[in-house]
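Input: a single structure, listed below in structure tokens.
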There are 2 protein chains.
Amino acid sequence: MVMGRPRSFDTDKALDEAMEVFWRHGYDGASLTMLTRAMGIKAPSLYAAFGSKEGLLRAALDRYALRRSEHMRYVLAGTSAREVAERFLNSIAESHTDPANPPGCLLVQGGLACGEGSENIPFELASRRALTETELRERFIRAQDDGDLAEASDPAALARFLSTVASGMGVLASSGADRDALREVARVSLSAFPDPSTRVSTKS
Amino acid sequence: MVMGRPRSFDTDKALDEAMEVFWRHGYDGASLTMLTRAMGIKAPSLYAAFGSKEGLLRAALDRYALRRSEHMRYVLAGTSAREVAERFLNSIAESHTDPANPPGCLLVQGGLACGEGSENIPFELASRRALTETELRERFIRAQDDGDLAEASDPAALARFLSTVASGMGVLASSGADRDALREVARVSLSAFPDPSTRVSTKS
DNA sequence: CAGCTTTTGTATCGAGTGGTAGATAAGTCA
DNA sequence: TGACTTATCTACCACTCGATACAAAAGCTG
């Protein structure tokens, strides 16, 4: 039983708007004026609900992670390492060019380098990017145990490779590359995951 | 024959310092206070020499391109498509983790998304990134003509792939990845450039 | 209704933003 | 030397930044 005046705005809707602003302008580039206008609330309401600009970003990142978690569930459900990689890269190509969102990836656009007073933002984003890499790595280790990833392969290296390509696709998308361009990058990247039907002995 | 009081600071030295600030903090995160302190000059000198904050960035980018041009000359001098790719990725792994500079790539860290009044910065950086991709593409087209790149390969796709991986490595390096991590990504990426000694027919 | 709690809007805080006016200093050229 | 040109410095501009004090409003509970 909550007492007092009820909140007059939908927190999740407001977070979606804030997410878009951070996504499009980065943390430093997103001003409180932009944020409050997009969210349809005044500064004091924002601070009452999220504590600070950084707290708002964190809440938006949580919501972003929620969105992506269903994609990752589908990705990790691939039946082989290659299929996982294929699903991962193609879903990235789709989501990073989804016209419903700003182009690219919030975890990249959000801020790789920030100014004084925002020094921890890049770390925050990096740690969230690392989560995806970890999920992939663990999936590949399992794939190796299951035998659908060659014993000579390095699950950690493959996961890091995919994560890196995903970040690169975020950069590419942010500069206006279209979906086909990203799909092409995905296709080339899959060379690192030899198709069973054309398997060949890889040295190194 | 220049008239008037001579400039009391070294423009190139000052640009190197400005470059480092933009590199570490991004365009929006780099304040004039930071810049002038790092450059060792006062604001009016900065504006007299470079016109504006944006002009300063452009001058720093020109200098950055100058630095990288010698690397690229070495890269493009590789004798086969694969060797070009190998040189490219390995030189990226080195330069993006060079302790003499901030980690990552200025063209990525500089600002993928900016605030009001800096909208054109991301485009500026993107167009500079595109130059490298173009150099690679033209080199690969030449490689195809020379016969050291399979006729079935797509030079444009390969160049875009490499450029994308390079951006991704920039993101990775910016979040503290060490040189070995980047080298590993480079090694995996080279799967897209089959070694002649283990050449295998690739469909698609 | 009254009493309590929380949110909302207005108006504003001090600090910092990019950028500049105007006086002074430091050189070159005649 | 003295006129001319350009750079540098101090001080400051109008504005925006993230964040907040305070009072009015809106709900629930008794």
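Quick note on labels: first sequence line is chain A, next is B, and so on, each numbered from 1.
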Checklist entry - How long is the line joining CG of A/L57 and C1' of D/dG18, in whole Å? => result 14 Å
Item to check | Carboxylate-amine/guanidinium proximity below 4.0 Å for B/E135 and B/R139 | outcome: no
Checklist entry - Using a cut-off of less than 4.0 Å, is there contact between a side-chain N or O of B/Y47 and OP1 or OP2 of C/dG19? => result yes
Checklist entry - Any side-chain N or O of B/S45 less than 4.0 Å from the OP1 or OP2 oxygen of D/dT8? => result yes
Next on the checklist: Less than 4.0 angstrom from a charged side-chain N to a carboxylate O is my criterion; do B/R128 and B/D62 meet it?
Outcome noted: yes
Next on the checklist: With heavy-atom distances below 4.5 Å as the criterion, would you say the side chains of A/E86 and A/N90 are in contact?
Outcome noted: yes
Checklist entry - Looking only at heavy atoms, which two atoms of B/T97 and B/A177 are closest? And how far apart? => result CG2-O, 3.9 Å
Checklist entry - Salt bridge between A/R183 and A/D180, side-chain N to carboxylate O under 4.0 Å? => result yes
Next on the checklist: Rounded to whole Å, please give me the gap between CE in B/M39 and C1' in D/dT8.
Outcome noted: 14 Å
Next on the checklist: Please find the pair of heavy atoms, one from A/R7 and one from A/T11, that lie closest to each other, and give the distance.
Outcome noted: NH1-OG1, 3.7 Å
Item to check | Gap between atoms CZ and P, on A/R7 and D/dG27 respectively (whole Å) | outcome: 15 Å
Item to check | Distance-only polar pair, side chains of A/R67 and A/N101, donor-acceptor under 3.5 Å | outcome: yes
Item to check | Interatomic distance, B/F50 CZ vs C/dG19 C1' [rounded to whole Å] | outcome: 16 Å
Write out a two-atom table: protein N or O, nucleotide N or O from nucleotides 21-25 of chain D, distance below 3.5 Å.
residue: D/dA25; atom: N3; partner: A/R5; partner atom: NH1; Å: 3.2

Strictly under 3.5 Å: I want the nitrogen or oxygen pairs between protein and nucleotides 12-17 of chain D, one per line.
residue: D/dC17; atom: OP1; partner: A/S31; partner atom: OG; Å: 3.1
residue: D/dC17; atom: OP2; partner: A/T33; partner atom: OG1; Å: 3.0

Checklist entry - Quick one: B/R37 CZ to D/dC9 C1', roughly how many Å, whole number? => result 18 Å
Checklist entry - When you check the phosphate oxygens OP1 and OP2 of C/dT7, does a side-chain N or O of A/S8 lie under 4.0 Å from one of them? => result no
Item to check | Atom pair distance, as rounded to whole Å: CZ in B/F9 and P in C/dA25 | outcome: 20 Å
Item to check | First of B/Y27 and A/L46 reached from the 5' end of DNA chain C, by closest nucleotide | outcome: A/L46
Checklist entry - Contact class for B/A48 vs. all strands (heavy atom < 4.0 Å): base, sugar-phosphate, or nothing? => result nothing
Next on the checklist: Nearest to the side chain of B/K42, heavy atoms from C-beta on, is which of D/dC9, D/dT29, D/dT20?
Outcome noted: D/dC9
Checklist entry - In terms of ring plane angle, is the pair A/W23 and A/Y64 parallel, tilted or perpendicular, where the classes change at 30° and 60°? => result perpendicular
Next on the checklist: Apply ring-ring contact (aromatic ring centres under 6.0 Å, His included) to residues B/F193 and B/F88 and explain how you reach the verdict.
Outcome noted: CA-CA 12 Å; B/F193 294 81; B/F88 178 72; 9.8 Å; no
